[in-house]
Protein chains: 2
Amino acid sequence: MKDILFDFISKYVSLTEDEKNALLSLDLFHTVKKGTVLLEEGQKTQDSYFVLKGCIRVYYILDGEERTTAFYTELDALTPHCVINKAPSDYYISCVEDSILLISNTDMSVEVNSKFPKFDVMCRMLSEELLAKQQMVFDEFKTSSPEQRYLNLLQKRPDLIQRVPQHQLASYLGIQPQSLSRLKARILKKK
Amino acid sequence: MKDILFDFISKYVSLTEDEKNALLSLDLFHTVKKGTVLLEEGQKTQDSYFVLKGCIRVYYILDGEERTTAFYTELDALTPHCVINKAPSDYYISCVEDSILLISNTDMSVEVNSKFPKFDVMCRMLSEELLAKQQMVFDEFKTSSPEQRYLNLLQKRPDLIQRVPQHQLASYLGIQPQSLSRLKARILKKK
DNA sequence: ACAACTCGTTCACCTAAGTTAAGAAACGAA
DNA sequence: TTCGTTTCTTAACTTAGGTGAACGAGTTGT
């Protein structure tokens, strides 16, 4: 697990042994059971998540209905909105599978970053990269139909379609579960 | 113009006179005429944009059709995807109105950031904030219908509806211009 | 084993967005 | 100004997604 983390970090900055040990001394690793709710609507938290293994999901409850807007899998990082703007969360985060997560809170980050400015640089690079990636995903979503979105997902994240319940996937694609079934049947017929 | 910039920066870090002068010596301010194309598909650039006055627009050309995915107005910052991942751009950026922009390139940033680490911190804060905001906008888009999106825009960025051509607005909402006209007529009828 | 529940799928019907076409209004260039 | 272009709107028709209901398969709990 440590290796996965340090390999990831090494894409951005190179760490000394001291810095690695400083990180490891923070008790960041957590195993989380499937179904665990990490964050609820209305709560405030200081925690950010980094997925080492497994899958977590962001969803809203609107008119009593779950609306899934994001899945985070291996090597994805998630800093909840409420951590940034210090307001209560307007969404939920839960665990789709048994997962191993790295959970860090703002206090830790502030402390580590002030001791090792290198982490500030890494965080900046990471946010910039995530922002650019997020924008691309958004652009693809906007410029395509539900059917194209499904086909696109089939290309880019085929694992998601297998590991995630279909009704969550439907809402992730912006449609109803029934429409996803119909859409899949339509695609099969075409071939 | 300088004041607008420094007021904006002061929300993140406080600058000394030296730091302010270092910024001003960089020749960042540019006036750009309506219709000017700042970035074309296939091009590489090092430039990031910050809108002091006016409006710029990001769009793709798919099957010969323009697809607008974003508008940037006063105090919005835009770092094109191609600056981050060093690949040719897959979209265009153009000027919707006569605008005053702050244009900075990567070389400048690297130089300034190494001289004043404070800017690294500011950039990190800014990217994190933008990422969170972007995610919220994306979530709203995903969880609502075109009609709701239009009503939402009417609430949150009413100026956009006035200052931007309707066909660009339609594609920003993920629909055809005809559908936007129809949708607006439908809303008027309801009232 | 059985009931209660969840999940994925199918169907029929409804509604809204896509498509094609046409005309009116606004804008720009000569 | 006038001609030509672009932009916006309206209409008629098509199509895909929303909605409500129903069914079977798989789970969970008793």
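The figures here come from the full heavy-atom set of this structure, side chains too, leaving out hydrogens, waters and symmetry mates.
Side-chain atoms of B:S171 and B:R67 include no donor-acceptor pair closer than 3.5 Å. Side chain to side chain, A:T79 and A:S48 meet the donor-acceptor criterion of an N or O pair below 3.5 Å. Checking B:Q46 against B:D107 by side-chain atom types alone, no donor-acceptor pair falls below 3.5 Å. Residues B:Y92 and B:E66 have side chains that never bring a donor and an acceptor to within less than 3.5 angstrom of each other.
Between B:F29 and B:L52, the closest side-chain pair of non-hydrogen atoms falls below 4.5 Å. No side-chain heavy atom of B:F50 sits under 4.5 Å from any side-chain heavy atom of B:Y72.
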Protein proximity profile, nucleotides 17-25 of chain C - base contact B, sugar-phosphate-only contact S, no contact -, cut-off 4.0 Å on heavy atoms: BBSBB----
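Between the side chain of B:D76 and the backbone N or O of B:T73 there is at least one donor-acceptor pair closer than 3.5 Å. The backbone N or O of B:H81 sits less than 3.5 Å from a side-chain atom of B:Y91, completing a donor-acceptor pair. A:K142 contributes a side-chain N or O that, together with a main-chain N or O of B:Y172, makes up a donor-acceptor pair within less than 3.5 Å.
Surrounding CD of A:E65 are at most 12 heavy atoms belonging to other residues, nucleotides or ligands under 6.0 Å away. Other residues, nucleotides and ligands contribute over 12 non-hydrogen atoms within 6.0 Å of the NZ atom of B:K184.
As a whole-Å value, the separation of B:I187 CD1 from D:dT9 C1' is 15 Å. Remark: P of C:dG8 and CD of A:Q168 are 8 Å apart, rounded to the nearest angstrom. One interatomic measurement links the two molecules: CG of A:L173 to P of D:dA16, which rounds to 17 Å at whole-angstrom precision. Atoms CD (A:Q166) and P (C:dT10) sit 12 Å apart, rounded to a whole Å.
Using a 4.0 Å cut-off, some side-chain N or O of A:H167 falls inside it from OP1 or OP2 of C:dG8.
The stretch residues 53-66 of chain B does not touch DNA chain C, since none of its heavy atoms comes less than 4.0 Å from the strand. Residues from residues 148-163 of chain A lying near DNA chain C, meaning a heavy-atom separation below 4.0 Å, are absent.
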